[in-house]
Amino acid sequence: LQARREHGMVMQFDAPMAAEANERVALAGRLRRALERREFELFLQPIHRLDDGSVVSLEALLRWPQADGSFVSPAKFIPLCEESGLIVPLGKWVLEESARYHRALEARGLGHLSIAVNVSAVQLLADSLPALLRDLHREHGLRRGALQVELTESTLLRRPNSARAVMSQLRDDGVRIALDDFGTGYSSMAYLKALPLDYLKLDRAFVTDVDHDERNASICRALIALGHGLDLRIIAEGVEDEAQLSWLRDQGCDEAQGFLLGRPAPLEDVVASIERQLAGQAPGAPSNDPG
Ligand code: C2E
Ligand code: MG
Ligand code: MG
Ligand code: MG
């Protein structure tokens, strides 16, 4: 048994707890080295409008590739990065990489797409976020609104007044803001009313089975009505089949992302698939019809 003094209290650790703590310390070290060696990758997942099917934005999702070709899930390493503070430099790299990606999109004639970046509480409240985004837009010559941010409710609940101030500044600079995973946290109506937001993202937990699970259907209908009542656009996450997609479209949901529409993938793959889609849809696109 190990004991450690913390805030004047003796904390008791049993062997499994100590092993878990050691594992976390080791993982934190690996993450730090991975960032130094630029081993992270940023994948993109398309977000489609439901009225005409076109891609409007791309969500940037972190990937940590391993030697065996697998990836460690961000759901596992992001919380650890938040605890250790590594999220600030890591989040900065994500924003820089997103800015480089947007410049690449512009070079390919796809500058109308926005890139939506997940931002952690620590990063939002580090108070240099609006300045960092302004610098990146200037440095890379990005159009206003090229980068967007996604925040979760837990982010906003920690220090709601500071969060609101930063969010207002971001929006004044043309950065649109999504409330991510909506409905899974506290979902306080008071915050929804007070916060400057552009999008609500319906969590995958409610979107799954929405076409045949009456409870999920009720929740999604209510959240869509709530969001629209507040002048927000609604984005559904985790759409995996046609039945879910058409249900959401029928209910007036504005946008969607999910494996059905496109998996998170490297920039080049995503650009290629959007170019194929545009070529297929464009009037006057090359066809086999000689007349
Ligand atoms: P999120 O922001 O809610 O991202 C959506 C997650 O759903 C992603 O998981 C995506 O790969 C997954 N997803 C998309 N479509 C489908 C689908 O049809 N079916 C299923 N089963 N899953 C789908 P991912 O990439 O593992 O990321 C997990 C979470 O990690 C993200 O949730 C986000 O909160 C966080 N995260 C990812 N990248 C970053 C980052 O750069 N910074 C920060 N702070 N957090 C990040
Ligand atoms: Mg997100
Ligand atoms: Mg989400
Ligand atoms: Mg989610």
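Ligands are counted one by one from 1 in listed order, and the atoms in each one are counted from 1 as well. Nothing fancy with the numbering, it's 1 onward along the sequence. The structure presented is a predicted model; accordingly, all values stated were derived computationally and were not measured.
In Leu62, the parts holding a heavy atom less than 4.0 Å from any atom of ligand 1 are both the side chain and the backbone. With a 4.0 Å cut-off on non-hydrogen atoms, Pro264 touches ligand 1 through its side chain and not its backbone. When non-hydrogen atoms are compared, ligand 1 lies under 4.0 Å from the side chain of Val94 (C-beta onward) but not from its backbone. When heavy-atom distances to ligand 1 are checked against a 4.0 Å cut-off, Asp181 comes that close only through its side chain, counted from C-beta outward. With a 4.0 Å heavy-atom cut-off, ligand 1 is reached by no atom of Arg263. With a 4.0 Å heavy-atom cut-off, ligand 1 is reached by the backbone of Val239 but not by any atom from C-beta on. The proximity of Arg204 to ligand 1, defined as any non-hydrogen pair under 4.0 Å, is limited to the side chain. Heavy atoms of Lys201 found under 4.0 angstrom from ligand 1: none, in either backbone or side chain.
With a cut-off of 2.8 Å, the Mg ion (ligand 2) has an N, O or S atom of Asp180 in range. Among the atoms of Thr152, no N, O or S atom falls under 2.8 Å of the Mg ion (ligand 2). At a threshold of 2.8 Å, the Mg ion (ligand 2) has a backbone or side-chain N, O or S atom of Glu150 nearer than that distance.
A salt bridge does not link Glu36 to Arg32: none of the charged nitrogens lies less than 4.0 Å from a carboxylate oxygen. Under a 4.0 Å N-O distance rule, the pair Arg221/Glu214 qualifies as a salt bridge.
Of the possible donor and acceptor atoms, one in the side chain of Gln66 sits under 3.5 Å from a partner among the backbone N and O of Trp64. At distances below 3.5 Å, not a single donor-acceptor pair connects side-chain atoms of Tyr199 with backbone N or O atoms of Glu255. A donor-acceptor contact shorter than 3.5 Å is absent between the side chain of His102 and the backbone of Ser98. Side-chain atoms of Asp181 do not come within 3.5 Å of backbone N or O of Asp203 as any donor-acceptor pair. Listed for the Asp241 side chain is a donor-acceptor partner under 3.5 Å among the backbone atoms of Gln244. For Gln45 (side chain) and Gly262 (main-chain N/O), a donor-acceptor pair under 3.5 Å exists by modelled atom type.
Checking Arg143 against Ser114 by side-chain atom types alone, a donor-acceptor pair falls below 3.5 Å.
You'll find the side chain of Arg49 reaches within 4.5 Å of the side chain of Arg233, heavy atoms only.
For atom 35 (C) of ligand 1, the candidate residues are Ala60, Ala236, Pro74; the nearest heavy-atom contact is made by Pro74. The heavy atom nearest to atom 43 (C) of ligand 1, considering only Val72, Asn118, Val207, is found in Asn118. Heavy-atom proximity to atom 14 (C) of ligand 1, evaluated over Gln45, Glu237, Glu240, is greatest for Gln45.
In terms of N/O distances under 3.5 Å, ligand 1 is approached by Asp180. When only interatomic distances are considered, the shortest N/O to N/O separation between Phe259 and ligand 1 falls below 3.5 Å.
Contact analysis puts Gly238 in contact with ligand 1, with a non-hydrogen atom separation below 4.0 angstrom.
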